[in-house]
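These notes concern the structure reproduced below.
In this text the structure is predicted, and so the values were computed from the model without any measurement.
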Amino acid sequence: MSNMIKVILPDKSVREVEKGTTLYDFTGQIGKGLQKAALAAEINGIAVDLSTPVNSDSEINIITFDSEKGKNIFWHSASHLMAQAVKRLFPDAKFAIGPAIDNGFYYDIDMKKSLVPEDLTAIEAEMIKIVEEKLDIKREEMSRSDALNYFTKINEVYKIELLNDLPEGNVSLYRQGEFADLCRGPHVMNTEILKSVKLLSIAGAYWRGDEKNKMLQRIYGIAFTDQKALNKHLEFLEEVKKRDHRKLGKELDLFSTHEDVGGGLVYWHPNGARLRNVLEEWWRKEHFKNGYDILYTPHIGRAHLWETSGHLGFYKQNMYSPMEIDEQDYYIKPMNCPFHIKIYQTSLHSYRDLPLRWAELGTVYRYEKSGVLHGLLRVRGFTQDDAHIFCTPEQIEDEVKEVLRFSLWMWKTLGFTDIKAYLATKPEGSVGEASRWETAQESLRKAIESANLKVEMDEGGGAFYGPKIDLKVRDAIGREWQMTTIQFDFNMPERFDMYYVGEDGQKHRPYMVHRALLGSIERFVGILVEHYAGRFPAWIAPVQAILINVSEEQVEFVNRVKSDMIDMELRPHVDIRNESMGYKIREAVSQKAPYVCVFGKNEVENGSVSVRKRGEKDSVTMKLDEFYKLLKEDIVNKR
RNA sequence: GCCCACGUAGCUCAGUCGGUAGAGCAUUUGCAUGGUAAGCAAAAGGUCACCAGUUCGAUUCUGGUCGUGGGCUCCA
């Protein structure tokens, strides 16, 4: 029986392939008219994975299409293409590594010339030439020593270093025209299909990511099988720019940072502070409802405390230098936990007192390298929506479930529905009894399962002091952000010798769970801004309705409506400036207010309002009563 | 911290191949009292990030400092 089978491709063409072939989809468009060239490339042996057998030898077979891996192969080939172009233009270039990444590819290059943006255009042009040359991409296997000889001959020092780290045996090279690169593959068959490429940026990157090594030049790029898909991606990048919380933060007058006072420190303007206050009040209310108590603790603590907690040992590089008070060193807090533990220790706890759920909007300060600071997303001073749960072994399962449920509810209420849960387990060199780790990990797993989420494993990804669940939430344009963390701590209870008295009258070590649901208020607000592109749901929006008068005669009426709304605990803003109505509407709309209300002669006479909802071009006139009812439905009932 | 780019009015930006700068918006003041995305006019506003150097002369060139932006795990 032949080892070849015929398959019908999504474009209806028929091809013969070896049994067990996996077809990679470079387009993400399986079933929607996949390009012949894209498939032909890997069928002919280059990107063949025999691990997925085809289940029958009939003429028409079901073939595995792997879009993720397909994209990966495609981008990796694009990376080789770029390297070839760079080598042609800059013969002294030495290549380090050039993988595909989540969103495209890069190559790290060592060369004399510092690349400038114009060089990217030139490299792109050269890449197009190579595409037009339609070079076959061929796999060559050889012994490691032959490969070493080859790369020594062409003086590719980084490849030599990589080869030296590989085990004895055969390695593979991929050759296209005059260019060959050490690579495991697979690759596409011909440069021909890599025609829609775009180089995006130049950056510095250390050889092997180690800051002690030489800094190389990294070129980032992206590639698609057709121009349309590339354009779509470029539009996505535009959208990302438009939603940038730093830009919107300025436009909506939410916050600022001040270089002269210090980077990574956030100043909340009235609008931003309003927004933050809305979130915090809601957060507190919901915490009380969900069985938490709320604490306030200081911002500094004596060195002694941080020695006990161990932070001066394992966290010092993130802490600010101490200040001396009465010949004692005090440190500004990078975490709230030790303070909560001090409160725990002010009294003896019986198992009957547990669980204790203590929450605090705790402002902490951590040193971050200047280069990593980024708007609200990475700052040096921030407020965690922190809580610590102290409980007995019998309680942890329910407690963890409850935290996860609360968190998921919170995300849903805030408008985030696509959430993934990662279970990070015991790493090397951890502290705490193995049995406690087991119990804790099991409770975390059960919690994820009971929330009907898939358990994404992050093996060995836990902190040295305990396993955790991280929640990643997807925003409106598909980006994932790590937000909630639910974290066991086997370190602090030991270090502080925490205990409770059990039913047996003996001392027992409580379980301690550290959790932050939003993560930090700063970071969360940054993501909230980008998620909604500044168009916050009305219950969150700092200003919910902007009230505009047509002429001076309506000022009194507008102010009356304002007090009505304030009585309803709404957040109106009155704009009675002596400007044209059109001007004020334009400004109100650009401020993304959920409701723009205009009051003229007619409205005053009829006790009505002309309302323009955000996103709608036309206004609707309604009686005030009706409008208040609408607000009640849209705002009051949601918070 | 490191690599690259950038730093001009409150904001967004133009400009000066070396002769101390300009627009729009915002602001202020007049006029205009206007019905759903910018009414008209005038004024005011800058040590061209900071510090050195070269030069008769530096916002422009050179070096440094500070700051901002893109990056710095993702293994050939």
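In terms of phosphate contacts, A/Arg208 brings no side-chain nitrogen or oxygen within less than 4.0 Å of OP1 or OP2 of B/C74. For the pair A/Tyr206 and B/G71, the criterion of a side-chain N or O lying under 4.0 Å from OP1 or OP2 is not met. Residue A/Ser551 places none of its side-chain N or O atoms closer than 4.0 Å to OP1 or OP2 of B/U33. For B/G71, neither phosphate oxygen OP1 nor OP2 lies less than 4.0 angstrom from any side-chain nitrogen or oxygen of A/His374. Proximity of A/Arg246 to the phosphate of B/G69: a side-chain N or O atom is located under 4.0 Å from OP1 or OP2.
One atom, CG of A/Leu377, and another, P of B/G69, lie 11 Å apart when rounded to the nearest Å. The separation between A/Tyr220 atom OH and B/A5 atom P is 17 Å, rounded to whole Å.
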- Steps toward salt bridge (charged side-chain N to carboxylate O under 4.0 Å, His left out) verdict (A/Lys454, A/Glu456): CA-CA 6 Å; A/Lys454 190 169 164 250; A/Glu456 312 273 354; 3.7 Å; yes
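For A/Tyr367 against B/G1, no side-chain N or O and base N or O form a donor-acceptor pair under 3.5 Å. Under 3.5 Å, the side chain of A/Glu603 and the base of B/G35 form at least one donor-acceptor pair of N or O atoms.
Between A/His233 and A/Phe224, the angle of the ring planes lies from 30° to 60°, which puts this pair in the tilted group. Using the six-membered ring where Trp is involved, A/Tyr267 and A/His258 have ring planes that are perpendicular, over 60° apart on the 30 and 60° scheme. Using a 30° and 60° split on the angle between ring planes, A/Phe255 and A/His245 fall in the parallel class, below 30°. Relative ring orientation between A/Phe314 and A/Tyr465 is described as tilted, the plane-to-plane angle lying within the 30° to 60° band.
Annotation: of the two residues near RNA chain B, A/Arg577 and A/Val596, the 5′-most nearest-nucleotide partner is A/Arg577. Judged by closest nucleotide on RNA chain B, A/Val589 is the one of A/Val589 and A/Leu166 placed further toward the 5' end.
Between B/A37, B/C74, B/G39, one nucleotide has an atom nearer to the side chain of A/Tyr583 than all others, and that is B/G39. The side chain of A/Lys250 lies closest to B/C11, out of B/G34, B/C2, B/C11. For A/Val550, the side-chain atoms get nearest to B/G35 when compared with the rest of B/G35, B/G1, B/G70. Among the nucleotides B/G35, B/G71, B/G34, the one closest to any side-chain atom of A/Asn578 is B/G34.
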